[in-house]
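Accompanying notes for the structure given below.
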Amino acid sequence: MPDFWIIGPIAWDLALYVDHLPGSGHFVQAGESAERPGGTGANVATALSRAGARVHMVGYVGSDVAGQRMTATLTAAGVDVEHVQVLRGRTSSVVLLIEPDGERTIIGIHPDLLHDVTIPAASVASGDIVYFAAWRDVFTPAAQAMAAAGALVTGVPPGTIPAMRYLIGSRNDFAVIPEDTVAIVTEGANGVTVHSEDGTHHFPAIPTNAMDVTGAGDAFAAGLLWEIGRERSLVEGVRLGLAWAAATVQVKSSVPADIPSWASGHRPLA
């Protein structure tokens with residue numbers, strides 16, 4: 001199994017469960033609230049580490065209590081945090097408004113500083129798997145250098161197309177479907193569509209009762225990357241990703257606690 005390098009946001013989130021979204025100038029009472037770890041990069045890194053992978057997190061936290069919590073959380077999950085930088089400013093944080101059907105609306109609080117992160121491209125070895133859970137144009141030289149060194153570089157749109165083997169994102173993330181890479185388009189409850197030189201193939205989602213869809217896309221990406229790391233086929237990666245996503249939406253958390261059992265190929269809970 002290769003090492004995984006996850007580059008992306010690390011956040012501390014406030015989840016508010018509401019019976020509807022308020023209109024402008026209106027009031028809504030949350031029926032439940034919870035503070036919890038989040039961030040697309042941290043979610044993917046945690047899932048892969050819980051499954052048994054060697055994972056290096058590349059991102060930042062602020063010099064605040066939330067940053068200390070997130071660093072401790074990642075370390076407890078077995079993630080290497082050597083390349084998590086402490087920057088001046090606040091740790092990323094979002095408010096999640098979660099409706100009864102599990103759908104969520106996201107409100108960012110603090111300025112994003114991800115573009116200031118230094119990517120340790122020279123530390124990435126040939127055969128390692130790199131995933132950009134968020135993309136900034138300043139990452140282009142590092143992505144190209146890691147790909148040239150033999151790492152398998154993946155990420156979210158728009159990415160650096162020549163360097164990216166796979167692009168993973170929702171339909172809204174893709175301005176166009178690229179022709180020179182494998183585009184894996186997540187469609188929520190409708191499943192996933194893969195666009196490649198072999199054509200277009202659709203994979204239905206696993207039916208489930210969603211409680212909170214936060215992190216479903218991150219769980220899907222982690223499952224896909226896990227199978228790629230095991231040298232399994234893209235189809236097997238998509239199917240495991242869909243299983244991990246189905247597990248995620250059934251709990252009020254970003255990553256299900258029983259990820260390790262799913263890495264062995266067990267099917268998700270009905």
Side-chain angles (χ1 to χ4, degrees), residues 8-44 46-47 59-71 73 87-117 132-138 156-158 168-176 185-193 205 207-221 245-256:
I10 301 167
W12 190 256
D13 298 343
L14 172 61
L16 302 176
Y17 293 84
V18 298
D19 58 14
H20 68 279
L21 295 182
S24 178
H26 287 233
F27 171 85
V28 64
Q29 178 66 50
E32 183 181 347
S33 65
E35 292 188 45
R36 67 193 195 197
T40 56
N43 291 346
V44 174
T46 299
Y60 79 93
V61 295
S63 55
D64 50 17
V65 173
Q68 296 170 8
R69 288 174 177 171
M70 281 307 304
T71 301
T73 297
L87 300 182
R88 295 183 62 182
R90 303 286 297 276
T91 300
S92 292
S93 184
V94 303
V95 174
L96 304 166
L97 301 179
I98 302 166
E99 300 172 75
D101 64 355
E103 190 54 71
R104 82 279 188 262
T105 299
I106 305 173
I107 304 171
I109 299 176
H110 306 306
D112 173 51
L113 304 176
L114 191 62
H115 57 277
D116 290 334
V117 168
F132 287 88
W135 181 255
R136 305 292 183 267
D137 287 342
V138 295
V156 298
I168 309 166
S170 71
R171 186 61 186 86
N172 292 335
D173 294 331
F174 286 93
V176 296
V185 184
T186 59
E187 301 167 359
N190 292 323
V192 171
T193 300
T208 187
N209 294 320
M211 297 180 63
D212 183 346
V213 303
T214 309
D218 303 330
F220 171 81
T248 297
V249 303
Q250 294 180 67
V251 295
K252 294 179 178 179
S253 177
S254 294
V255 180

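Sequential numbering from 1 along the given sequence is applied to the chain's residues.
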If we only count heavy atoms from C-beta on, is the H110 to D64 side-chain gap below 4.5 Å? no
Which atom of P37 lies closest to which atom of T73, heavy atoms considered: CG-CG2, 3.7 Å
Would you name the heavy atoms of A30 and V18 that are closest together and state the gap between them? CA-CG1, 4.0 Å
Provide the closest heavy-atom pair for M70 versus A11 in the form atom of the first, atom of the second, distance. SD-O, 3.2 Å
Can you confirm whether W12 sits close enough to S92 that some side-chain heavy atom of one is under 4.5 Å from a side-chain heavy atom of the other? no
Could you give the distance from CD (Q68) to OG1 (T91), rounded to the nearest 0.5 Å? 8.5 Å
Rounded to the nearest 0.5 Å, the OG1 atom of T40 sits from the CD1 atom of I10 at a distance of 9.5 Å
Under the criterion side chain to side chain contact (heavy atoms under 4.5 Å, CB included), which of K252, R104, E103 is the partner of T214? R104
Might you point out which heavy atoms bring G108 and V94 nearest each other, and give the distance in Å? CA-CG1, 4.0 Å
To the nearest 0.5 Å, tell me how far N209 CG sits from D101 CG. 11.5 Å
If I take atom CH2 from residue W135 and atom CG from residue L114, how far apart are they, to the nearest 0.5 angstrom? 11.0 Å
Atom pair NE2 (H115) and CG (L113), whose distance is rounded to the nearest 0.5 Å: 6.0 Å
Whether the side chain of Y60 engages the backbone of D116 through a donor-acceptor N/O pair (distance < 3.5 Å, no angle test) should be reported. no
Between OG1 of T186 and CG of D173, what distance do you get to the nearest 0.5 Å? 7.0 Å
Nearest heavy atoms of D212 and R36, plus distance in Å: OD2-NH2, 2.9 Å
Could you walk me through whether V28 and L21 pass the side chain to side chain contact (heavy atoms under 4.5 Å, CB included) check? CA-CA 7 Å; V28 64; L21 295 182; over 6 Å; no
Might you point out which heavy atoms bring A245 and A216 nearest each other, and give the distance in Å? CB-O, 3.5 Å
Side chain proximity check, V117 to R136, heavy atoms < 4.5 angstrom: no
More than 12 heavy atoms of other residues, nucleotides or ligands under 6.0 Å from CZ of R90: yes or no? no
Just one of T105, D13, I109 clears the side chain to side chain contact (heavy atoms under 4.5 Å, CB included) bar with V95, so which one? I109
